[in-house]
Number of protein chains: 2
Amino acid sequence: MADSKLLPSPGGDPVAVETLLQDVFGIVVDEAIRKGTSASEKVCDWKEPEELKQLLDLELQSQGESQEQILERCRAVIRYSVKTGHPRFFNQLFSGLDPHSLAGRIITESLNTSPYTYEIAPVFVLMEEEVLKKLRALVGWSSGDGVFCPGGSISNMYAINLARYQRYPDCKQRGLRALPPLALFTSKECHYSINKGAAFLGLGTDSVRVVKADERGKMIPEDLERQISLAEAEGAVPFLVSATSGTTVLGAFDPLDAIADVCQRHGLWLHVDAAWGGSVLLSQTHRHLLDGIQRADSVAWNPHKLLAAGLQCSALLLQDTSNLLKRCHGFQASYLFPQDKFYDVALDTGDKVVQCGRRVDCLKLWLMWKAQGGQGLEQRIDQAFALARYLVEEIKKREGFELVMEPEFVNVCFWLLSPSLWGKQASPHYSQRLSQVAPVLKERMVKEGSMMIGYQPHGSHGNFFRMVVANPTLTCADIDFLLNELERLGQDL
Amino acid sequence: MADSKLLPSPGGDPVAVETLLQDVFGIVVDEAIRKGTSASEKVCDWKEPEELKQLLDLELQSQGESQEQILERCRAVIRYSVKTGHPRFFNQLFSGLDPHSLAGRIITESLNTSPYTYEIAPVFVLMEEEVLKKLRALVGWSSGDGVFCPGGSISNMYAINLARYQRYPDCKQRGLRALPPLALFTSKECHYSINKGAAFLGLGTDSVRVVKADERGKMIPEDLERQISLAEAEGAVPFLVSATSGTTVLGAFDPLDAIADVCQRHGLWLHVDAAWGGSVLLSQTHRHLLDGIQRADSVAWNPHKLLAAGLQCSALLLQDTSNLLKRCHGFQASYLFPQDKFYDVALDTGDKVVQCGRRVDCLKLWLMWKAQGGQGLEQRIDQAFALARYLVEEIKKREGFELVMEPEFVNVCFWLLSPSLWGKQASPHYSQRLSQVAPVLKERMVKEGSMMIGYQPHGSHGNFFRMVVANPTLTCADIDFLLNELERLGQDL
């Protein structure tokens with residue numbers, strides 16, 4: 001009787017499965033990879049939201065669709081998506097398409113597992129540890145711990161949670177009400193995830209004490225000292241400093257050695273948010289920007305940004321060798337982590353994290369590293385610095401462009417002065433008019449699909465462009481294009 | 001001078017890129033898809049950790065490797081990985097390989113974007129909203145909000161954070177110290193992420209009040225009432241009840257209507273952790289198990305489990321229409337979310353989440369749904385229930401098998417009594433000896449690679465097997481194999 005209810009098994013025809021996947025892969029190669037990285041194609045095919053909804057026919061119905069319809073849908077999804085691997089996509093801290101990383105991601109998806117136990121992810125449990133070990137070695141640590149997190153924001157939260165747990169292990173059970181008021185310190189240039197994290201973790205954004213930064217965006221250690229005294233005078237207990245290596249807009253590197261001195265004097269956990277700048281550790285030429293990072297307690301580093309490892313690849317690295325991660329986050333669920341397994345359960349990573357299932361984020365980085373070698377990756381970093389320098393020199397040569405400041409990283413911040421603004425620096429409303437240029441140009445470039453670059457106001461400055469040199473295939477020609485295209489788009493303003 | 005430092009651009013040869021990806025995709029099809037889902041191949045090729053490290057040669061070097069070496073590495077990674085799409089992988093709450101979902105995941109990886117702004121993810125911002133709308137409709141809501149999170153644990157945390165923010169908006173800024181002691185309620189059968197979440201969010205695990213469950217694992221609403229009174233008497237402020245639809249081990253569904261009544265009486269936020277059971281909402285026949293879910297404030301639902309959408313696909317759904325998500329999590333970072341954009345910035349989802357970049361998790365589910373239709377997905381759910389029922393009937397027929405309890409879902413919990421235990425139920429040490437059977441069989445099946453199924457102790461019960469019928473391609477033959485293989489593996493015990 002039970003048997004009679006059984007339906008024919010759906011979707012189990014291996015030939016049909018392979019044919020579908022071959023067809024889709026063909027579309028991916030044609031549309032996302034070949035066209036998606038070709039300078040002669042658009043970086044995006046802009047549609048207004050209402051029109052795009054119609055084009056995509058998003059609604060989910062009761063009836064399934066034919067293979068032909070599904071393939072057409074795949075084409076449409078790619079067609080109307082922004083091509084982040086395109087040589088004129090400069091909009092984000094990630095860009096470019098690394099083929100080995102993509103290969104690793106496709107394998108990851110086909111294997112569809114979670115690295116919480118050695119049992120179901122033997123390769124990835126070992127691989128994750130090896131990759132983390134390599135990243136730690138670049139930080140300067142011969143031992144330690146770590147884990148891949150779903151993004152830098154969560155890596156930063158982990159650091160805050162670990163720091164407070166290390167100081168007040170009671171917190172895990174009894175919560176923050178059992179603790180004195182806590183204070184953590186970061187510069188005004190820090191990533192907003194520090195504030196989001198403080199709120200999420202129950203500390204509240206008031207617990208984040210903002211330290212002044214200099215005109216380049218670097219934390220001022222003397223002001224850190226002052227903020228610590230101030231917090232203490234107000235009855236708060238300082239417990240963590242979050243320094244930034246590579247700020248989001250200006251690309252600034254906080255002076256880690258001086259900050260580590262302060263942390264050492266006050267017994268504070270030093271976290272370095274190197275989500276953006278961490279990859280510079282691969283470059284012998286430029287890694288001095290992170291001097292002192294080996295003195296940190298924790299480091300967040302996102303190879304999905306400058307190394308183009310693919311979203312997401314975010315490592316939280318720890319100097320700790322006392323199993324702090326597992327003690328802080330563990331809950332010993334007997335169904336997933338029974339202790340009578342036939343292998344060493346210390347390999348199971350599940351209790352290092354606050355997630356249960358989590359994605360495999362190591363293979364894409366590992367495979368890319370195997371293919372390029374540390375030297376190949378170092379060359380990419382050096383290339384990005386050199387191209388950023390080329391851009392700076394070109395900006396200086398051209399009338400109508402003005403640097404916000406000399407960059408020390410691959411963020412290059414600048415204004416385009418449209419012709420009507422030339423020579424008008426002293427006129428009233430100049431700043432306001434300058435600030436209106438970027439949004440107009442942005443709209444124009446996106447609607448034409450020629451290029452994408454971000455802009456933002458910052459501090460006392462009105463809107464300026466932030467160029468990010470991250471795509472490993474960029475050349476001087478792409479940089480020239482950027483400047484020519486901005487001139488063209490703004491010539492009538 | 002700057003120019004002279006520039007190196008030839010690495011990895012930019014389009015033909016080489018395509019060739020590599022075609023080769024890797026061929027390996028994926030052969031090894032992960034064809035062999036990985038074939039019953040005549042092993043589900044895993046077990047190696048001890050030290051041996052596997054040698055086989056994989058994990059170390060990352062300075063020198064890159066040849067294309068041939070890289071392809072060999074791809075083969076090795078797949079060879080030694082567990083095949084979670086294999087018809088004899090019963091180990092987790094996810095299994096099976098849906099080709100349309102995998103197609104969606106490959107496209108997602110090739111496009112490599114983050115849905116935080118419409119600007120760089122126009123298709124996925126609209127698609128995510130449409131998919132969430134559909135999931136909400138199945139819950140029973142015609143409006144609301146939601147977001148995809150990196151796993152059910154984080155979805156559950158979001159619910160807890162939203163509930164406390166709604167009651168005490170001050171918390172975001174001033175932290176938990178400004179609040180009275182809070183209490184949340186969940187049954188002893190809840191997922192461990194509730195406890196992990198309470199610790200992470202600064203509430204502490206003491207804030208989690210454990211409600212009794214009946215012998216089937218369902219929360220007892222009368223005990224919930226009692227725990228609320230108890231917490232109040234101790235000076236705590238109850239704010240949230242987390243009910244579970246589909247517990248991890250027993251597959252139990254809490255009585256949502258009765259729990260909603262309690263929540264209504266006390267003005268508590270009702271969260272339903274339907275990470276596992278949520279997909280049952282697609283079945284007209286079985287959705288009564290979640291009766292009352294429409295009265296929840298929030299629901300966590302992971303289509304990556306029973307719907308085989310691929311890790312990870314976890315939706316947090318909200319009944320709220322007051323923009324609670326953005327108010328609770330937003331930080332209005334001007335660099336990412338300037339307000340002078342040329343499109344409606346209300347489309348940008350970035351301030352709904354505590355992450356910054358996040359993965360696109362909607363396409364795989366959307367494409368699978370388009371291909372199967374709601375009817376096709378419903379058929380899968382019904383099929384899983386029918387196969388679980390078939391398994392139960394077979395267990396009852398066979399000597400040497402004993403059900404832990406009659407299941408109401410697709411988790412089937414049972415003991416294998418090895419021959420030496422037959423008829424010895426009354427003997428001393430029987431329970432202890434029975435408990436030793438599962439670990440021995442598990443080791444044997446994994447080392448042979450014939451099958452993978454999980455076991456655990458639970459409550460007063462010693463180790464038993466937990467079969468999960470989740471792979472959509474399973475047939476009665478696979479169920480027969482499971483039982484036959486357990487008999488074979490245990491015949492000498």
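So you know, we letter chains A, B, ... as the sequences are listed, proteins then strands, and number each from 1.
Your options are A:Q456, A:Q173, A:E443, and the one with the most heavy-atom pairs under 4.5 Å with chain B is A:Q173. Between chain B and the residues A:Q67, A:K47, A:Q22, A:E48, the most heavy-atom pairs under 4.5 angstrom are made by A:Q22. For the set B:G197, B:A198, B:P181, the count of heavy-atom pairs under 4.5 angstrom toward chain A peaks at B:P181. Put simply, of B:R466, B:Q69, B:Q63, the one with the most heavy-atom pairs under 4.5 Å next to chain A is B:Q63. Highest contact tally toward chain A, considering only B:T108, B:L21, B:L102, is held by B:L21 [criterion: heavy-atom pairs under 4.5 Å]. Of the listed residues (A:I120, A:V125, A:V24, A:V392), the greatest number of heavy-atom pairs within a distance under 4.5 Å of chain B belongs to A:I120. Most heavy-atom pairs under 4.5 Å with chain A: of the set B:K447, B:K134, B:R174, B:Q312, this distinction falls to B:Q312. Residue with the most contacts toward chain A among B:V360, B:N195, B:D344: B:N195 (heavy-atom pairs, distance under 4.5 Å). The residue among B:G357, B:G175, B:S207 with the most heavy atom pairs within less than 4.5 Å of chain A is B:G175. The candidate with the highest count of non-hydrogen atom pairs below 4.5 Å against chain B, out of A:V249, A:L93, A:L179, A:V131, is A:L179. Of the listed residues (A:C328, A:A178, A:P49, A:A76), the greatest number of heavy-atom pairs within a distance under 4.5 Å of chain B belongs to A:P49. For the options A:L311, A:V82, A:L176, A:V446, heavy-atom pairs under 4.5 Å to chain B are most numerous at A:L311.
A:P122 places none of its side-chain heavy atoms less than 4.5 Å from the side chain of B:Y80. Annotation: side chain of A:L56 is in contact with side chain of B:V123 (closest heavy-atom distance under 4.5 Å). Inter-residue side-chain proximity for A:L97 and B:N112 is flagged as unmet; no heavy-atom pair is nearer than 4.5 Å. B:P439 is not listed as a side-chain neighbour of A:F342, based on a closest heavy-atom distance of 4.5 Å or more. Counting only heavy atoms from C-beta outward, the side chains of B:P150 and A:R359 never approach each other to under 4.5 Å. At least one side-chain heavy atom of B:I107 sits under 4.5 Å from a side-chain heavy atom of A:C74. With a 4.5 Å cut-off on side-chain heavy atoms, A:S193 and B:C356 do not count as touching.
Looking at A:I33, only its side chain comes within 4.5 Å of chain B, counting heavy atoms on both sides. Contact of A:C44 with chain B is not made at all, since no heavy-atom distance falls under 4.5 Å. When heavy atoms are compared at a cutoff of 4.5 Å, A:T248 approaches chain B solely by way of its side chain, counted from C-beta outward. Using a 4.5 Å cut-off between heavy atoms, A:V353 contacts chain B through its backbone alone, with no side-chain atom that close. Contacts between B:H458 and chain A at a heavy-atom distance below 4.5 Å are absent for every atom of the residue. With a 4.5 Å cut-off on non-hydrogen atoms, A:Q92 touches chain B through its side chain but not through its backbone. If you measure heavy-atom distances from A:N91 to chain B, the contacts under 4.5 Å come from the side chain alone. Interface residue A:V28: only side-chain heavy atoms are found under 4.5 Å from chain B. For A:L363, the part lying near chain B is the side chain, with the backbone staying farther off; criterion is any non-hydrogen pair under 4.5 Å. For chain B, the nearby parts of A:F200 are the backbone and the side chain; heavy atoms of each come within less than 4.5 Å. Residue contact with chain B, scored on non-hydrogen atoms closer than 4.5 Å, involves the side chain of A:N463 exclusively. Within the 4.5 angstrom heavy-atom criterion, only side-chain atoms of B:L347, from C-beta onward, approach chain A. Contact annotation for B:K53: both backbone and side-chain heavy atoms come within less than 4.5 Å of a heavy atom of chain A. When heavy atoms are compared at a cutoff of 4.5 Å, A:N161 approaches chain B solely by way of its side chain, counted from C-beta outward.
Rounding to the nearest 0.5 Å places SG of A:C171 at 9.5 Å from CG of B:L203. Taking NZ from A:K442 and OH from B:Y343, the interatomic distance works out to 7.5 Å, rounded to the nearest 0.5 Å. The NE2 atom of A:H304 sits 8.0 Å away from atom OG of B:S114, with the distance rounded to the nearest 0.5 Å. Atom CZ of A:R73 and atom NE2 of B:H100 lie 12.0 Å apart (nearest 0.5 Å). Note that CZ of A:F25 is 6.0 Å distant from CZ of B:F25, once rounded to the nearest 0.5 Å. To the nearest 0.5 angstrom, A:M157 atom CE is 9.0 Å from B:L201 atom CG.
The aromatic rings of B:Y118 and A:W46 stand perpendicular to each other, their planes meeting at an angle above 60°, with 30° marking the opposite boundary.
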Trace of the side chain to side chain contact (heavy atoms under 4.5 Å, CB included) decision for A:M452 with B:E119:
CA-CA 9 Å; A:M452 285 184 76; B:E119 183 174 324; 3.7 Å; yes

Do A:I154 and B:I154 pass the side chain to side chain contact (heavy atoms under 4.5 Å, CB included) test, and can you show the C-alpha distance, the side-chain angles, and the key distance before you say yes or no?
CA-CA 10 Å; A:I154 291 179; B:I154 290 177; 3.8 Å; yes

For a side chain to side chain contact (heavy atoms under 4.5 Å, CB included) check, start with the C-alpha distance between B:T113 and A:F89, then their side-chain angles and the critical distance, and finish with the verdict.
CA-CA 11 Å; B:T113 194; A:F89 178 81; 5.9 Å; no

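Checked by atom type and distance alone, the side chain of A:E18 never pairs as donor or acceptor with a backbone atom of B:V29 at under 3.5 Å. When atom types are taken as modelled, the side chain of A:T84 and the backbone of B:L111 share a donor-acceptor pair closer than 3.5 angstrom. Side-chain N or O atoms of A:K370 include one that pairs as donor or acceptor with a backbone N or O of B:E59 at under 3.5 Å. A donor-acceptor pair is defined here as one N or O able to donate and one able to accept, closer than 3.5 Å; no such pair exists between the side chain of A:S62 and the backbone of B:Q375.
B:V77 approaches A:M127 most closely through the heavy-atom pair CG2-CE, 3.9 Å. In terms of heavy atoms, B:Q355 sits closest to A:S153 at C-OG, 3.7 Å.
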